[in-house]
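One structure is given here, and the rest of the page talks about it.
Note that the numbering runs from 1 along the sequence shown for the chain.
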Amino acid sequence: MTADFGRTDEELASLPMALADGLFAGKVALVSGAGSGIGRAIAHWSARLGASVILCGRNAERLDEAAHALSPYGVETMTHALTIRDPQAVAALFDEAWTRFGRLDLVVNNAGGQFPQAAIDFSPKGWAAVIDTNLNGAWYMMQAAARKWRDAGAPGSIVNVTAVVGRGMPGVAHTCAARAGVIHVSKTVAVEWAPLNIRVNCVAPGIISTEGMRVYPPEAVTDMPNSNLMRRFGQVEDVANAVCYLASDAGGFITGEVLTIDGGNQLWGDQWTIPRPDFFKV
């Protein structure tokens with residue numbers, strides 16, 4: 001099963017799109033965590049829609065590979081390796097983006113990560129690492145983007161890729177806490193930044209077929225499709241379509257919202273990322 005996770009660059013280039021050709025023409029999009037998985041798919045979608053794309057993340061080699069895969073679309077790309085945990089590094093990223101392109105229209109906060117573990121066993125270091133990346137790092141990106149738009153008197157759109165946290169996420173309590181924080185800071189600054197013509201929204205994916213699924217125990221992965229009404233994994237393009245819709249002018253009257261892409265998980269089941277205890281087995 002795990003061998004089939006993810007999409008190749010060739011598949012991403014050939015899949016049909018739900019959005020109009022040229023929707024991002026003349027725009028500049030920044031995508032974090034763009035070297036793999038959902039972020040890489042969003043970078044493909046942004047380029048296919050006509051945007052110049054800034055790809056950032058921790059792994060410079062992966063970013064270069066992803067940027068090369070966008071070359072058939074004929075758009076300009078830039079890569080920038082950093083950790084979003086470092087606010088100075090984030091500020092430098094936005095400085096370089098504005099120097100290179102003279103503008104920035106869309107920011108997609110996709111970078112993040114977690115490890116599955118029973119919450120009672122978290123170490124302080126493990127908890128802090130996930131909070132620092134998934135909450136603090138996302139905030140540094142949001143604030144840096146907003147400051148640039150404010151200073152330039154330009155509009156902007158932020159989409160934060162979060163998670164389905166409303167019913168909890170057994171096995172990843174640390175990321176549940178962080179992602180809930182991102183959702184609610186997004187709702188708050190959507191209000192504060194409305195006078196600046198900055199929109200802020202979130203997309204909350206459920207189980208999505210990416211190589212990231214390999215960090216979870218096989219027993220948990222096998223059980224995951226039973227947590228949603230579709231009884232399957234979603235695909236990266238499901239998330240990319242939603243992100244680009246919200247980020248674009250097509251979603252121009254939407255701000256402060258969370259679009260959930262989970263196959264009906266919220267209505268149906270609980271999603272365990274560690275093996276389900278016998279107590280909860282029917």
ask   = Which is it for Met142 and Ser186 under the side-chain contact (heavy atoms from CB on, under 4.5 Å) test, yes or no, and what are the steps along the way?
value = CA-CA 9 Å; Met142 294 168 67; Ser186 297; 3.9 Å; yes
request  = May I ask you to decide whether Asp105 forms a salt bridge with Arg103, counting only side-chain N to carboxylate O separations under 4.0 Å?
outcome  = yes
task = Indicate whether any N or O donor in one side chain lies under 3.5 Å from an N or O acceptor in the other, for Ser36 and Arg40.
result = no
ask   = Hey, any chance Leu259 and Ile208 share a hydrophobic cluster, counting ILVMFWY side chains that come within less than 4.5 Å of each other, even indirectly?
value = yes
query = Side-chain donor-acceptor pair under 3.5 Å between Asp223 and Trp272, yes or no?
reply = no
note = From the list Leu30, Ile42, Leu63, side chain to side chain contact (heavy atoms under 4.5 Å, CB included) with Leu55 holds only for Leu63
ask   = Does the side chain of Ser52 come under 3.5 Å of the side chain of Glu76 through a donor N or O and an acceptor N or O?
value = no
query = With a 4.5 Å limit on heavy-atom distance, are the side chains of Leu12 and Trp45 in contact?
reply = yes
task = Report yes or no: do Val189 and Leu135 belong to one cluster of Ile/Leu/Val/Met/Phe/Trp/Tyr joined by side chain heavy-atom distances under 4.5 Å?
result = no
message = Membership question, hydrophobic clusters at under 4.5 Å side-chain separation (ILVMFWY): are Leu196 and Trp149 in the same one?
response = yes
ask   = CD of Gln117 to OG of Ser123: how many Å apart, nearest 0.5 Å?
value = 7.0 Å
ask   = With no hydrogens and no angle check, do the side chains of Thr133 and Arg85 hold a donor and an acceptor under 3.5 Å apart?
value = yes
request  = Using a cut-off of 6.0 Å, state whether more than 12 heavy atoms not belonging to Trp268 lie near its atom CH2.
outcome  = no
request  = Quick one: pull up CG in Leu15 and CD in Glu237 and give me the separation to the nearest 0.5 Å.
outcome  = 5.0 Å
ask   = Does some side-chain heavy atom of Trp193 sit less than 4.5 Å from a side-chain heavy atom of Thr255?
value = no
query = Should Lys281 and Glu219 be marked as a salt bridge (charged side-chain N to carboxylate O under 4.0 Å, His left out) after you check the CA-CA gap, both sets of side-chain angles, and the distance that decides it?
reply = CA-CA 13 Å; Lys281 292 180 180 177; Glu219 180 183 340; 3.6 Å; yes
query = Which is it for Val90 and Gln143 under the side-chain contact (heavy atoms from CB on, under 4.5 Å) test, yes or no, and what are the steps along the way?
reply = CA-CA 10 Å; Val90 169; Gln143 187 183 51; over 6 Å; no
query = Measuring from Asn201:CG to Ile183:CD1, what's the distance to the nearest 0.5 Å?
reply = 11.5 Å
remark   = Nearest heavy-atom approach of Ala163 to Met169 is CB-SD, 3.9 Å
ask   = Of all heavy-atom pairs between Val130 and Gly113, which one has the smallest distance, and what is that distance?
value = CG1-O, 3.8 Å
query = Does Asp238 reach the main-chain N or O of Gly234 with its side chain, forming a donor-acceptor pair under 3.5 Å?
reply = no
message = If you compare all heavy atoms of Pro116 against all heavy atoms of Pro217, which two are closest, and at what distance to 0.1 Å?
response = CG-CD, 4.2 Å
inquiry  = Is there a path of hydrophobic side-chain contacts, each under 4.5 Å between heavy atoms, that joins Leu104 and Val108?
reply    = no
query = Sub-3.5 Å donor-acceptor pair from the side chain of Arg58 to the main-chain atoms of Gly33, do we have one?
reply = no
key: Thr260 (side chain) donor-acceptor with Asp262 (main chain) under 3.5 angstrom   = no
task = Test His68 against Glu65 for side-chain contact (heavy atoms from CB on, under 4.5 Å), laying out the working first.
result = CA-CA 5 Å; His68 178 72; Glu65 291 172 356; 5.7 Å; no
ask   = Does atom CZ of Arg147 have more than 12 heavy-atom neighbours, drawn from other residues, nucleotides or ligands, at distances under 6.0 Å?
value = no
ask   = Just by modelled atom types, is the Asp86 backbone N or O under 3.5 Å from a matching donor or acceptor in the Thr83 side chain?
value = no
ask   = Considering only heavy atoms from C-beta outward, does the side chain of Lys148 approach that of Asp95 to under 4.5 Å?
value = yes
query = Could you go step by step and tell me if Thr210 and Ile38 meet the side-chain contact (heavy atoms from CB on, under 4.5 Å) rule?
reply = CA-CA 7 Å; Thr210 72; Ile38 291 172; 4.1 Å; yes
inquiry  = Are more than 12 heavy atoms, taken from residues, nucleotides or ligands other than Asp121, located less than 6.0 Å from that residue's CG atom?
reply    = yes
task = Determine, using the 4.5 Å side-chain heavy-atom cutoff (strictly less than), whether Phe115 and Ile120 are members of one ILVMFWY cluster.
result = no
query = For residues Asn110 and Ser32, is any side-chain donor paired with an opposing acceptor at under 3.5 Å?
reply = no
key: No-hydrogen, no-angle side-chain donor-acceptor test under 3.5 Å, Asn160 and Asn109   = yes
message = Side chains of Asn226 and Arg231 only: does a donor on one sit below 3.5 Å from an acceptor on the other?
response = yes
query = Angle class for the Phe122/His174 ring planes (parallel below 30°, perpendicular above 60°, tilted otherwise)?
reply = parallel
key: Nearest non-hydrogen partners of Arg199 and Ile254, listed with the distance   = NH1-O, 2.8 Å
key: Between CZ on residue Arg276 and OG on residue Ser227, distance to nearest 0.5 Å   = 8.5 Å
ask   = So do the side chains of Gln114 and Arg179 get within less than 4.5 Å of each other, counting heavy atoms only?
value = yes
inquiry  = Surrounding NZ of Lys125 (heavy atoms of other residues, nucleotides or ligands, distance under 6.0 Å), is the total greater than 12?
reply    = no
ask   = Just wondering, do Val107 and Ser157 contact through their side chains at under 4.5 Å, heavy atoms?
value = no
task = For residues Glu96 and Thr99, determine if any side-chain heavy atom of one lies less than 4.5 Å from a side-chain heavy atom of the other.
result = no
ask   = OG1/Thr273 to CE/Met213 distance, rounded to the nearest 0.5 angstrom?
value = 9.5 Å
ask   = Hey, does the side chain of Arg232 reach the backbone of Pro225 with a donor-acceptor pair shorter than 3.5 angstrom?
value = no
Considering all heavy atoms, the nearest Ala138-Asn134 contact = CB-O, 3.6 Å
query = What are the two closest heavy atoms between Leu82 and Ala89, and how far apart are they?
reply = CD1-O, 3.6 Å
ask   = Do Asp249 and Phe24 have side chains that get closer than 4.5 Å, going by heavy atoms?
value = no
task = Answer yes or no: is there a side-chain heavy-atom contact under 4.5 Å between Ile207 and Asn228?
result = yes
task = Quick one: sort the Phe233 and Phe5 rings into parallel, tilted or perpendicular, breaks at 30° and 60°.
result = perpendicular
task = State the OG-NZ distance between Ser248 and Lys27, to the nearest 0.5 angstrom.
result = 8.5 Å
